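Keep in mind the model is a prediction, meaning the values are calculated, not measured. Order of appearance sets the numbers: ligands from 1, and atoms from 1 within every ligand.
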Amino acid sequence: MIYVTSDLHGCSPETLEALLKKANFTKQDFLYVLGDVVDRGEDGVKLLLWLTQQTNVQLILGNHESMLLSCLFLFDEVNEQSLLDLTMDKLKRLEHWKRNGGDPTISGLERLLRLSPDLFDGIIDYLYDAPLYEEITVNGRDFVLVHSGLNHFKPEKALEDYDAKDLIWCRPTLTDAYYPNKLTIFGHTPAMFLTPDSPNRAVKTDTWICVDTGVACGGTPMLLRLDDLEEFYL
Ligand SMILES: [Mn+2]
């Protein structure tokens, strides 16, 4: 069976494991995590480490992982040269990340780098390898998996032709429609902003499903099983 979750935002690996247990997830199953593993919550770096140790889990890049990658200069060895290299552009990127809840990730990465440079490098390599989207077929149904939806959507436009920004920072509304013949699954916009009446449940339309149940704002994560579109909650 194939499962999807998203926007775990620093929840603990134990929380994710409890959720997987609820769905009877085994090593024969596969999990896609649609981005935003880090930031806001405390355990993002732990969760990233957990991800790098799994063989049946695939991360798709979210805007929070992208902000992390754009601020790697923070972890460069400090010497006179690199301090002078702290350009306004870098400071702006850092300010943007901190404003979006980056602090627990920054301190988590700092700790990990001191503890084990190898594990730190492993995480960064893992993030560079994470794709921006996946197209899969499950049980005869076609799916597009992406972090935020598809900004500037055109049905005939190939996914590889989208700007990364359009895939990780998109803010869809309930009336947006995507492909008629495949389901697009994404997170990024907490359900409570799309359907305030059922704030912590997946939002389903004819062409897409949003699986961000607002972990960053008091919700708990969910799993969607793509084989039968069954939903699992903690
Ligand atoms: Mn996001």
Report the protein N/O/S neighbours of the Mn ion (ligand 1) that fall below 2.8 Å; do not count waters. Asp36 OD2, Asn63 OD1, His147 NE2, His188 ND1
Counting only heavy atoms not in [X], do more than 12 fall under 6.0 Å of its [atom1]?
X	atom1	result
Asp228	CG	yes
Lys154	NZ	no
Lys90	NZ	yes

Residue of the set Asn151, Val146, Leu150 for which side chain to side chain contact (heavy atoms under 4.5 Å, CB included) holds with Tyr162: Leu150
Report the residues that fulfil side-chain hydrogen bond (donor to acceptor under 3.5 Å, both in side chains) with Glu231, sequence neighbours left out, ordered by chain and then residue number. Lys204, Tyr233
Verdict with reasoning, Leu86 to Leu91, per side-chain contact (heavy atoms from CB on, under 4.5 Å): CA-CA 7 Å; Leu86 214 53; Leu91 288 173; 4.1 Å; yes
